[in-house]
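Below is one structure, written out as structure tokens, with a few remarks after it.
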Amino acid sequence: MTSTPVAMVLHGGAGVLAKKSYEREVTHMRGLAARGKAMLNDGRSALDVVETIVYELEVSGLYVAGKGSSPNTDNRYELDAAIMDGETRNAGAVAAMEGFVSPVMAARKVMESTPHVMLAGWGANRLAEREGLERVEEPESYYVPAAVPDGRAYATGTVGCVALDAQGRLAAATSTGGTLKKTPGRVGDCPLIGAGTWADQDIAVSCTGQGEFFIRSLAAGTVAARIRYLHESPEEAAQWALKDVKRLGGDGGIIAVGRDGRIATPYNSEGMKCAVLHADGRITAGVQELS
Ligand code: ASP
């Protein structure tokens, strides 16, 4: 068994309001980075860590995922999530699922309890039910939708986490309530393996931003392909993928961690809420803002 430095990045979305204080989110994310550090130093797998951290982000109600999700135009809450294990390239995802507290836990059940990669709509709900996952009994009182930045038709606050564990394994998970006032049935990039979420033996990636552009540019898969075929660093590859998103007219952010512990957190939106456990053990957290 090899032992490598551990590293982790988590994000709380690429949408920020210019005048809003994100003190609560930053404190929360810093705490989760410390929690991830403890888990990784304890020998927990990258897969367990990304699931746990994304679950905590979902139930906090501070981001546009899980409890903080936005309703669609029918005033219903349809949530997307994915998880991927870089070591085995097993993956699980749920799309437009309703009525459960943790889409990321449902995504892991798809990965481990079915022969499939993605379940959508009522099929995802039925699996979650069968697996005994926690239900949202009263959507109206449970969800606390986030505010929308001025001039934006959507709220971006997807959550995600990428991690490298002590055995050199990588994993990624992403969860979202999607875009505000989305069309019923709309599915974003997060649950699409290779668009918003990816992990292999070299890199783990989670994206946030206008999902349609991340799908059309195959953002997460592009980061991985550039590393595999062009031997770029995580930063170079993620920057390139974001530029491609921009060329199509979108914006957002990408978090990534490589197998040597190098991380990348580029964004080209107004900012991105994120926290990093660096390979040297330092923890940093903040809302990076372009000015
Ligand atoms: N990527 C998400 C989606 O399009 C939104 C976000 O990142 O906040 O569903």
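Numbering of ligands and ligand atoms starts at 1, following listing order.
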**Message:** Minimum distance, heavy atoms only, to atom 3 (C) of ligand 1: which one of His11, Met272, Arg186 is it?
**Reply:**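 Answer by nearest heavy atom: Arg186.
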**Request:** Provide the number and element of each atom of ligand 1 under 4.0 Å from a heavy atom of Thr208.
**Result:**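 Numbered from 1, ligand 1 contributes 6 (C), 7 (O), 8 (O).
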**Request:** Using a strict cut-off of 4.0 Å, indicate which atoms of ligand 1 neighbour a heavy atom of Gly209.
**Result:**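 Those atoms are 1 (N), 2 (C), 3 (C), 4 (O), 5 (C), 6 (C), 7 (O).
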**Message:** A side-chain contact here means heavy atoms from C-beta on lying under 4.5 Å apart; do Glu236 and Leu230 qualify?
**Reply:**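 They are not in contact (no side-chain heavy atoms under 4.5 Å apart), so the answer is no.
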If we only count N/O pairs under 3.5 Å, is [X] in contact with ligand 1?
X	result
Thr158	yes
Gly188	no
Asp80	no

**Request:** State whether the side chain of Asn125 and the backbone N or O of Glu98 hold a donor-acceptor pair below 3.5 Å, judged by distance alone.
**Result:**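 Yes.
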**Message:** Test your reading of the model: is there a side-chain donor-acceptor pair from Lys182 to the backbone of Gly177, 3.5 Å cut-off?
**Reply:**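 Judged by distance alone, yes, a pair lies under 3.5 Å.
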**Prompt:** Got a sec, which pairs hit salt bridge (Lys or Arg N to Asp or Glu O under 4.0 Å) with one end in residues 257-266, sequence neighbours left out?
**Reply:**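 As it turns out, the salt bridge (Lys or Arg N to Asp or Glu O under 4.0 Å) pairs with a partner in residues 257-266, which skip direct neighbours, are Asp202-Arg259, Asp260-Arg262.
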**Message:** Taking a cutoff of less than 4.0 Å between a non-hydrogen atom of the residue and any ligand atom, is Val64 in contact with ligand 1?
**Reply:**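 For ligand 1, residue contact (heavy atoms, under 4.0 Å) with Val64 is absent.
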**Item:** ring pair (Phe, Tyr, Trp, His ring centres under 6.0 Å) partners for His28, two or more places apart
**Value:**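 Tyr63.
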